[in-house]
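Report on the structure given below.
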Amino acid sequence: MSRYVRLLYHQLRASVLLSAQYRADFLIDAAIEVLWAGLAVVPLLIVFGQRSDVAGWTFGEALLVTGFFTLLQGVLEGAINPSLTAVVEHVRKGTLDFVLLKPADAQFLVSTARFSPWRAINVVTAAVIFSFAFRHIGAPPTAGGLLLAAASLLAAVTILYSLWILTVSASFYVVKVDNLTYLFSSIFDAARWPASVFRGGLRVLFTVVIPLAAMTTYPAEALLGRLSWQNAAIAMGMTVGLAVVSRLVWVRSLSRYTSAGG
Amino acid sequence: MSLARTLKATPTLFRVGFAGAIAYRAELFVWMLSTTMPFVMLALFSAVAAERPLGRYDQRELALYFLATFLVRQLTGSWAAWEINFEVRQGTLSTRLLRPVHPLYAYAVDNLAAIPLRMVLVGPVFIGTLLHFGVAWLPSSAALWAALFAAVLGGWLITFLINAAIGSLALYMESSVKLIDLYLVGFFVFSGYTIPVDLFPSWLSALGDVLPFRYQIALPVEVLTSAHGEGELSRLLLQQWGMVALLLTVTLALWSRAVRRYGAFGG
């Protein structure tokens, strides 16, 4: 275990050093991220300019969902996306060999291969959104709410990571998968809205098939102190289930790897 | 690069582009799936407008608006910015420069050649819309259909020219993929793709009127769903084509300067 902690430290350090070389990128990245987050609030402003509440959510409450969305987008772009895009490239070129030869778990190695530390700017943006939201709501979150929200956020990150592993595993079968990652991002975009605005088929899709609800809506509900125990339990079960399934699929897909680009 | 030669090469370029779209049909299909955002927005706005209409939009108007948005996006798509970035980095732009046809023209034809395959998805959605909502919402005269054609063509030209301009910048900054992200931010907010632009507060729509995005999606959609009277329609079309002329001038100038910097490296 301590070996993996040390490995993680070294991988992180390498990424930080690499990013420090491209400081101009940081400025562009940061500008884009802040702009994205700012403009992401525009639809919210327009909708709530017309209505005081939508599907049971007030402006401040919906802003919390957007905050969690921004946070998770930071995690996705900063910690998950860069590494896993590299895997797709490895599979296509056949250079995954070099990773597989190393005496550590391949999934761990590829998942920690590359970070974009600058994307941490999203944490700051999310903090600003949260403080706006709570000023609007008028009451700070309770300690219990914070704790439950932290736990749900951890679950959300796990779900996000597992879904990504599943997407990337597909690259062992279909090779050219870079647009699958684009598809994933565009579906994830729906997570910026509280899940209760969706009805019928879309609601089933976003709560069960692609559990967007568990990623942004449940943490927001936890902060507001109205996440039901039933939903919390379902989210935890789904998290564990997805983590296990994605691991199994990864191992199975890896056995299909033929090296030398295939 | 004479006009006659370009015209003579056009059918072949179309055939090559179409064959490419067929060869990468799975990829094209995934791209099309990632343009289903209008349906998510439709679900969202329907929930908002459940009790009373939102601006001029009741449930039916919203459904028509977002279905039209989906159709227009399929017809006005361009991915030239990604393609140019890739070819600059890999050095494969060289082969395009050797051909006696303007490279931007070849990229443009490439994008247009994918439209027949996109019809596989556009057709059923359009027919389904007609079956469900009837034909009363469609443009009612030949002049309006001509206006629709002009608006869709203008929308595609703006999309393509912005793509080509961003692609040209790749020759200055090695990779302009980040600029594509920046462009997409503006597109998602101001084009009408995710929010009907007439729901904007007045200060925001004033800003949207001078940016190109509104003329990419919102205008063709408004013509298709007959949202404007004659006067307003001609004013907007005029502004759209003014935008096309401006972008055409800027992009061509930018490309011809940028291409001199091309080093044909990569591999």
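Only heavy atoms go into these numbers, but all of them, side chains included; no hydrogens, no water, no symmetry mates. So you know, we letter chains A, B, ... as the sequences are listed, proteins then strands, and number each from 1.
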Turns out that what part of A:D53 lies under 4.5 Å from chain B's heavy atoms comes down to neither

Practice problem: Check whether more than 12 heavy atoms from other residues, nucleotides or ligands sit under 6.0 Å from atom CZ of A:R226, and answer yes or no. | Solution: yes

Rounded to the nearest 0.5 angstrom, the CD1-CD1 distance for A:I46 and B:I195 is 4.0 Å

Of all heavy-atom pairs linking B:L54 and A:R51, the shortest is CD1-NH1, 3.9 Å

Output for pair (B:L44 CG, A:R192 CZ), nearest 0.5 Å, gives 10.5 Å

When the 4.5 angstrom heavy-atom criterion is applied to B:V189 and chain A, the contacting part is side chain

- Query: Do other residues, nucleotides or ligands put more than 12 heavy atoms under 6.0 Å from the CZ atom of B:R56?
  - Reply: yes

Show, in sequence, the C-alpha distance, side-chain angles and deciding distance for A:D189 and B:F188, and conclude whether the side chain to side chain contact (heavy atoms under 4.5 Å, CB included) test is met.
CA-CA 11 Å; A:D189 205 74; B:F188 281 128; over 6 Å; no

When the 4.5 angstrom heavy-atom criterion is applied to B:L204 and chain A, the contacting part is side chain

Honestly, the part of B:F45 sitting under 4.5 Å from a heavy atom of chain A is side chain

Counting heavy-atom pairs under 4.5 angstrom with chain B, the leader among A:A190, A:P43, A:G49, A:P194 is A:P43

- Query: Above 12 or not: heavy atoms from other molecules or residues under 6.0 Å from CZ of B:F39?
  - Reply: yes

The interface call for B:P196 against chain A, heavy-atom contacts under 4.5 Å, is neither

